[in-house]
Amino acid sequence: MFAGYQPPIDKAAGIDLVLRVRGIVQGVGFRPFVHRVASRLRLRGWVRNDAQGVLIRAAGPAAQVEALMRALTEEAPAAARVFAVETLSPDGAMDFPAGGFAIVPSGSQGLPVETVVPPDLALCADCRRELLDPRDRRHRHPFINCTQCGPRYSILEYIPYDRPHTTMRAFRMCPQCQAEYDDPASRRFHAQPNACPVCGPQVLFRKAGEAERLGEPALGQAAKLLAAGGILAVKGIGGYHLMTDATNESAVAELRRRKHRDEKPFAVMFPHLAAVGQAAEVPAEAASLLASAAAPIVLLKRKPGARLAAGIAPGNPWVGALLPYAPLHLLLLRAFDHPLVATSGNLADEPLCTAEMDAHRRLGDIADAFLDHNRPIAHPVDDSVVRLAVAGPIRLRRARGYAPVPLRLPGRIDGCWLCVGAQMKNTLAVAVRDRLVPSPHIGDLDGAATRDVFHRTAQMLEKLHDAKFTRVVCDRHPDYASTRYAEQTGLPRVAVQHHLAHILACLLEHDHAADNVLGVAWDGTGYGEDGTIWGGEFLLLQNHEASRFARLRPFRLVSGEAAIRDGRRAALGLAHAIGPDRFSQVARRLSFLAAETELFGTMLGHGVNSPVTTSAGRLFDAVGALLGIGVRNRFEGQIPLAVEAAAMAAGTARTDLLPLPLRAVPPGRGAEAELDWEPLLDALLAASDQGHTAAELAAAFHHSLAHGIVGVARAAGVGTVALSGGCFQNALLLNLTTAALEAAGFNVLVPRELPPNDGAIAAGQALGALLELTSVRLP
Ligand SMILES: [Zn+2]
Ligand SMILES: [Zn+2]
């Protein structure tokens with residue numbers, strides 16, 4: 001943590017040095033904190049912001065200076081994140097001010113911009129107290145904030161993070177706010193969004209045919225509309241939510257109808273933690289996540305008899321819970337005092353609405369009214385989504401509160417690289433020096449509106465880093481919108497294979513050397529080196545080379561894209577690979593019409609519109625269909641989620657393993673070995689016919705996969721296994737696989753900071769380009 005200049009020690013004068021602090025250290029109360037500690041230690045010197053973070057000059061007895069250095073990491077404000085402290089020579093540094101220790105004005109001195117953009121932070125305890133205190137001048141001010149809370153990334157347009165560079169520049173601080181802003185002793189010293197009821201933003205309630213209402217009457221009308229079962233669009237931190245009473249079945253059904261959203265679960269914002277506990281099981285780890293500064297949506301097991309409309313998450317044992325994180329939400333939830341659906345304010349597959357005009361246009365047919373405010377949102381930021389696994393939380397969506405916190409690259413790069421990610425759950429990332437900055441979740445690039453956000457985010461990150469892109473890194477899939485964007489930039493381009501990028505992302509966050517490791521990349525679809533659809537891959541990283549050590553046995557997906565939505569077609573593909581008898585039997589079991597069976601049989605037989613795949617996600621779909629657990633993916637991963645839920649419902653009942661042997665593949669056939677699912681499928685169907693329940697068999701399926709992965713790991717002969725890919729969003733699969741591998745003596749790396757899904761691809765692309773590890777060798 002401490003590196004650099006070694007100061008001479010003078011017994012009389014002590015030591016004198018300059019400390020460079022890197023990390024999230026601006027706009028988080030860091031300078032007042034340094035001032036406080038340095039004054040306590042009676043040091044002479046100063047602290048200031050610059051383009052690279054915070055610079056401190058400290059002089060005094062060696063023990064006191066060292067105490068300051070320790071305090072920088074050990075006592076830093078909650079919202080700060082210190083990545084590194086370097087010691088520099090005081091030669092040429094600005095002199096001491098008169099007196100002891102002072103906060104001095106920012107300087108840039110032409111240094112390259114390296115400060116970190118802080119993420120948006122949920123309302124802190126101090127501000128919450130003031131918000132609810134009738135004697136406080138910010139009593140019920142929906143935009144209260146301080147250095148420990150409030151919007152950051154979502155209002156930031158330029159670096160460094162100073163008020164004129166944020167969307168708050170439109171609001172001129174009143175004398176009282178300005179005095180706080182200028183006072184190092186204040187909680188609001190240089191809190192860029194600082195505001196109060198006199199000088200800050202305002203809420204407005206807007207309903208067609210009614211007069212606009214401002215302030216308290218706006219909140220009152222909003223709560224009244226919700227109480228009457230209405231649908232309210234609420235402008236928050238990173239965009240709009242659509243809200244309605246989560247206990248009102250018909251209100252929830254109406255929101256689904258208007259939003260054209262069949263079954264995809266809605267998140268629910270609860271008034272307080274106790275209310276979450278009434279509706280769902282809240283382990284201690286979930287409680288602290290919900291109450292954290294990131295305040296993500298946390299997937300929790302719904303309690304039987306919970307007072308929530310069934311339409312929140314049809315047929316789904318989970319509820320995505322979150323707590324009010326903006327003061328505006330808290331005021332609304334206190335007025336309404338029931339859980340509220342808080343789903344993204346967008347149309348299906350479109351980006352979040354952020355501007356009033358746009359929201360009124362796009363959400364006008366969904367919302368009965370709007371609760372707007374006049375603080376502009378610079379960039380859309382979705383709510384983050386987290387679920388719990390044994391090894392810790394898994395970030396399914398890394399957005400508000402987490403992004404754009406950077407990761408450290410294991411080397412320095414020249415120039416500035418744009419890593420464009422994948423197609424689904426797109427996230428892009430910028431690599432500069434030894435830093436990798438992943439953007440917040442952007443979304444699926446199928447829609448033009450989302451592609452537009454993608455373009456703007458790329459441009460904005462370039463601007464924020466005061467750099468010009470010199471290289472672009474993309475997926476090998478030629479049809480990804482991100483790949484086409486990469487081509488259009490005209491920059492030197494590197495393509496990294498999809499599943500390799502998954503594994504590299506996991507290795508990056510664990511600071512692993514990307515050598516002597518087996519990567520298990522299981523997902524729905526990714527473009528393979530041989531042009532087929534990969535998704536059940538075991539990649540061996542050794543001697544600066546990645547090779548496809550093993551795979552799931554390939555099968556065909558009849559009717560391509562349509563098979564992704566229909567689990568029965570995946571099952572038919574597996575059955576066809578086994579043989580004609582199994583094919584007819586499975587077709588009957590899944591109630592295909594005779595004509596369909598014949599057509600699909602012909603297509604599979606001739607390989608017409610039936611691409612070859614090794615997708616583990618599709619194997620889950622097939623098993624879900626065969627066990628009667630689910631046949632349609634109306635949203636991504638719906639069947640696999642149902643298979644996991646069924647397996648969890650089986651509890652700790654004894655689980656027999658289904659056979660999943662590892663077989664050698666002849667040379668030149670794309671992998672050294674493959675896990676053969678045929679015996680597993682045979683056993684599953686036989687057990688099902690013998691009356692074993694779907695839940696039992698779903699559990700056996702999970703255990704068998706975990707066991708199968710251990711078998712491959714043993715054969716690969718390396719000590720470390722990294723798990724990544726969308727299939728490991730399945731907490732049961734992740735838990736069982738991790739436990740089985742660890743029991744067999746393996747060191748296991750799992751995604752923690754980055755999502756297991758395609759949200760991590762951009763990060764993996766960066767590491768691939770840095771290590772020049774971009775393709776997978778086929779044995
Ligand atoms: Zn605060
Ligand atoms: Zn003010």
Side-chain angles (χ1 to χ4, degrees), residues 24-33 35-36 75-81 117-156 161-164 166-204 214-216 236-238 272-273 288 290-296 322-334 373-376 381 400-402 405:
I24 300 177
V25 290
Q26 295 188 359
V28 291
F30 205 82
R31 287 171 300 165
F33 148 73
H35 182 260
R36 216 164 40 240
E75 296 172 36
R81 281 214 220 169
V117 179
D120 302 297
L121 302 172
L123 182 69
C124 76
D126 288 335
C127 287
R128 184 192 163 97
R129 210 166 18 250
E130 290 180 3
L131 179 71
L132 303 178
D133 178 359
R135 291 158 308 177
D136 194 274
R137 73 185 190 92
R138 290 191 180 82
H139 180 228
R140 298 184 61 80
H141 178 51
F143 304 95
I144 187 169
N145 67 84
C146 72
T147 52
Q148 300 309 299
C149 75
R152 298 285 188 274
Y153 171 76
S154 65
I155 58 167
L156 181 64
Y161 174 60
D162 277 330
R163 189 168 176 117
T166 72
T167 62
M168 281 301 289
R169 69 169 162 270
F171 299 91
R172 194 189 169 85
M173 276 185 277
C174 69
Q176 261 181 299
C177 284
Q178 186 69 49
E180 293 166 327
Y181 184 88
D182 294 334
D183 175 9
S186 166
R187 290 202 295 118
R188 301 197 164 88
F189 175 66
H190 283 222
Q192 307 305 348
N194 189 28
C196 76
V198 175
C199 64
Q202 284 202 306
V203 285
L204 297 92
L214 276 171
E216 287 295 339
I237 298 287
H272 39 69
L273 200 54
S288 65
L290 286 165
S292 69
L322 80 167
L323 290 175
Y325 54 85
L328 176 59
H329 297 148
L330 187 69
L331 295 174
L332 191 61
L333 267 288
R334 283 176 70 93
H373 63 71
N374 58 343
R375 180 176 66 200
V381 194
R400 180 184 47 75
Y402 298 125
V405 176

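One-based numbering, in listed order, for ligands and for the atoms of each. These numbers come from the heavy atoms of this one structure, side chains and all, not from hydrogens, waters or symmetry mates.
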_Run the side chain to side chain contact (heavy atoms under 4.5 Å, CB included) test on Arg187 and Cys127 for me, step by step, so that the C-alpha distance in whole Å, both residues' side-chain angles and the decisive distance to 0.1 Å come before the verdict._
CA-CA 10 Å; Arg187 290 202 295 118; Cys127 287; 3.5 Å; yes
_Metal-centred angle, the Zn ion (ligand 2) as apex - SG of Cys199, SG of Cys177, 10° resolution_ =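 The two atoms form an angle at the metal of about 110°.
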*Work out the angle at the Zn ion (ligand 2) between SG of Cys174 and SG of Cys196, rounded to 10°.*
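Approximately 110° at the metal, rounded to tens of degrees.
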_Residues Glu75, Arg36: salt bridge by 4.0 Å N-O rule_ =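 Salt bridge between Glu75 and Arg36, a charged N being under 4.0 Å from a carboxylate O: no.
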*For the residue pair His190 and Tyr181, categorise the inter-ring angle as parallel (less than 30°), tilted (30 to 60°) or perpendicular (more than 60°).*
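Geometry flag for Tyr181 against His190: parallel rings.
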*Ignoring hydrogens and geometry, is there a side-chain-to-backbone donor-acceptor pair from Arg163 to Phe171 under 3.5 Å?*
yes
*Would you give the angle at the Zn ion (ligand 1) between Cys124 atom SG and Cys127 atom SG, to the nearest 10°?*
110°
